[in-house]
J.: 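Take this structure, written in structure tokens, and hold onto it; I'll ask about it next.
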Amino acid sequence: MLTIHRVLGVRRAPDGAPGPGHAVVVSGDRVEAVGPFEELHERYGERARVREWDGTLTPGRHEPDGAALLESAYHPDPREADELGTAPLTGDALTALGMTDTRWGASARRGVQRLLATGTTSVSGPFTRPAVRTAVARSGLRDRPGPQPLAPGAPADFAVFAEDGRCLVTVLGGRLVYRGR
């Protein structure tokens with residue numbers, strides 16, 4: 001199914017200037033087209049659903065310390081907040097937990113969700129813990145040096161940010177994986 005993401009502006013590259021009034025057309029897991037909304041709607045409108053976001057669409061953020069963030073910290077479960085707090089645990093606090101593969105996997109899934117909520121679309125590994133590597137792979141986050149520019153044929157990995165910097169939406173492989181409030 002085709003989806004047109006209508007936004008206030010589109011940055012084709014992370015540091016590029018936004019194209020006001022532009023939109024992105026997604027087909028499956030790829031970018032189909034980028035350009036002025038009116039032109040794209042005229043071309044694809046009858047076959048596409050339109051999603052409207054009140055922000056600027058970008059290739060997303062890159063987390064260069066992805067392996068350290070997910071393999072050197074424990075992201076507590078909300079049910080553990082009274083005992084452990086909500087901030088990631090490192091150092092002696094992490095050692096005292098007696099981490100198992102199952103616990104690492106659950107922690108990595110929660111860490112990945114935190115990354116997605118910030119508009120992160122790519123991370124840097126390598127991920128040495130199998131449970132963490134699996135959590136990253138299943139999430140759709142790309143293990144690569146940085147976000148790819150938005151262009152036809154590129155992976156449909158992007159985020160939409162409000163004017164105040166909040167992430168409104170994160171899309172990986174054409175799938176909406178995070179939607180803010």
Side-chain angles (χ1 to χ4, degrees), residues 1-41 43-44 48-73 75 88 108-127 132-133 135-181:
M1 165 167 237
L2 290 172
T3 302
I4 301 173
H5 292 271
R6 183 180 191 179
V7 291
L8 300 177
V10 173
R11 288 184 202 275
R12 291 178 185 250
D15 56 353
H22 280 54
V24 173
V25 178
V26 173
S27 177
D29 65 349
R30 298 283 168 186
V31 172
E32 176 80 17
V34 180
F37 172 74
E38 289 77 17
E39 291 176 20
L40 297 177
H41 191 264
R43 183 172 171 194
Y44 297 100
R49 70 176 162 198
V50 176
R51 291 189 178 256
E52 296 192 35
W53 312 110
D54 192 23
T56 301
L57 190 148
T58 75
R61 294 188 171 143
H62 174 70
E63 177 52 62
D65 297 324
L69 180 69
L70 298 173
E71 293 196 339
S72 300
H75 300 271
R109 287 189 297 277
R110 290 187 294 274
V112 162
Q113 285 304 311
R114 288 181 180 184
L115 289 172
L116 296 174
T118 66
T120 300
T121 57
S122 65
V123 294
S124 289
F127 299 98
V132 174
R133 191 170 44 246
V136 170
R138 286 183 178 170
S139 74
L141 278 173
R142 312 291 184 179
D143 180 1
R144 62 179 174 216
Q148 304 295 304
L150 294 171
D157 299 342
F158 54 84
V160 178
F161 296 97
E163 282 187 32
D164 64 6
R166 282 178 304 114
C167 178
L168 302 174
V169 174
T170 305
V171 172
L172 293 174
R175 293 179 11 247
L176 187 67
V177 294
Y178 171 78
R179 183 174 185 170
R181 298 182 199 339

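Note: hydrogens, waters and symmetry copies are ignored here, and every other heavy atom, side chains too, is used. Bear in mind that the values here come from a model prediction, so they are computed numbers and not experimental data.
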J.: Go through the steps for Met1 and Arg49 under the test side-chain contact (heavy atoms from CB on, under 4.5 Å), then give the verdict.
T.: CA-CA 8 Å; Met1 165 167 237; Arg49 70 176 162 198; 4.1 Å; yes
J.: Less than 3.5 Å apart, which donor and acceptor atoms pair up between the side chains of residues 57-65 and the rest of the protein, not counting sequence neighbours?
T.:
| from | atom 1 | to | atom 2 | distance (Å) |
| --- | --- | --- | --- | --- |
| Thr58 | OG1 | Gly60 | N | 3.0 |
| Arg61 | NH1 | Thr118 | O | 2.8 |
| His62 | ND1 | Ser122 | O | 3.4 |
| His62 | ND1 | Ser122 | OG | 2.8 |
| His62 | NE2 | Ser124 | OG | 3.0 |
| His62 | NE2 | Pro145 | O | 3.1 |
| Glu63 | OE2 | Asp65 | N | 3.0 |

J.: Give every donor-acceptor pair under 3.5 Å between a side-chain atom in residues 8-29 and any protein atom, sequence neighbours left out.
T.:
| from | atom 1 | to | atom 2 | distance (Å) |
| --- | --- | --- | --- | --- |
| Arg11 | NH1 | Gly16 | O | 2.7 |
| Arg12 | NH2 | Val34 | O | 3.2 |
| His22 | ND1 | Gly19 | O | 3.2 |
| His22 | ND1 | Pro20 | O | 3.1 |

J.: Say you draw a straight line from CZ of Arg179 to CH2 of Trp53; how long is it, rounded to the nearest 0.5 Å?
T.: 4.0 Å
J.: Which pair of heavy atoms, one from His75 and one from Arg110, lies closest together, and at what distance?
T.: O-NE, 2.6 Å
J.: If I compare all heavy atoms of Pro152 with all of Ala33, which pair ends up nearest, and what's the gap?
T.: CG-CA, 4.3 Å
J.: How many angstroms lie between atom CD1 of Ile4 and atom OH of Tyr44, to the nearest 0.5 angstrom?
T.: 8.5 Å
J.: To the nearest 0.5 Å, tell me how far His5 NE2 sits from Phe158 CZ.
T.: 3.5 Å
J.: Report yes if the side chains of Val171 and Asp157 come closer than 4.5 Å at any heavy-atom pair, otherwise no.
T.: no
J.: What pair of heavy atoms forms the shortest contact from Pro88 to Ala73, and how long is it?
T.: CB-CB, 4.0 Å
J.: Check Cys167 against Tyr178 and note the closest heavy-atom contact, atom names and distance.
T.: O-CE2, 3.6 Å
J.: Can the positive tip of Arg133 be found less than 6.0 Å from the middle of the six-membered ring of Phe127, inside 45° of the ring normal?
T.: no
J.: Please find the pair of heavy atoms, one from Val50 and one from Arg6, that lie closest to each other, and give the distance.
T.: CG1-CB, 4.3 Å
J.: Just checking Arg138: does its CZ atom have more than 12 heavy atoms from other residues, nucleotides or ligands closer to it than 6.0 angstrom?
T.: no
J.: Taking atom CG of Leu115 and atom CG of Leu70, what is their separation to the nearest 0.5 Å?
T.: 5.5 Å
J.: Where the side chain of Ser139 meets the backbone of Val136, is there a donor-acceptor pair that is under 3.5 Å apart?
T.: yes
J.: To the nearest 0.5 Å, what is the distance between CG (Asp54) and CD (Glu163)?
T.: 7.5 Å
J.: For Pro126 versus Ala67, what's the shortest heavy-atom pair and its separation?
T.: O-CB, 3.4 Å
J.: Pair Thr56, Val160 - check side-chain contact (heavy atoms from CB on, under 4.5 Å), show working.
T.: CA-CA 5 Å; Thr56 301; Val160 178; 6.0 Å; no
J.: To the nearest 0.5 Å, tell me how far Thr120 OG1 sits from Arg142 CZ.
T.: 14.0 Å
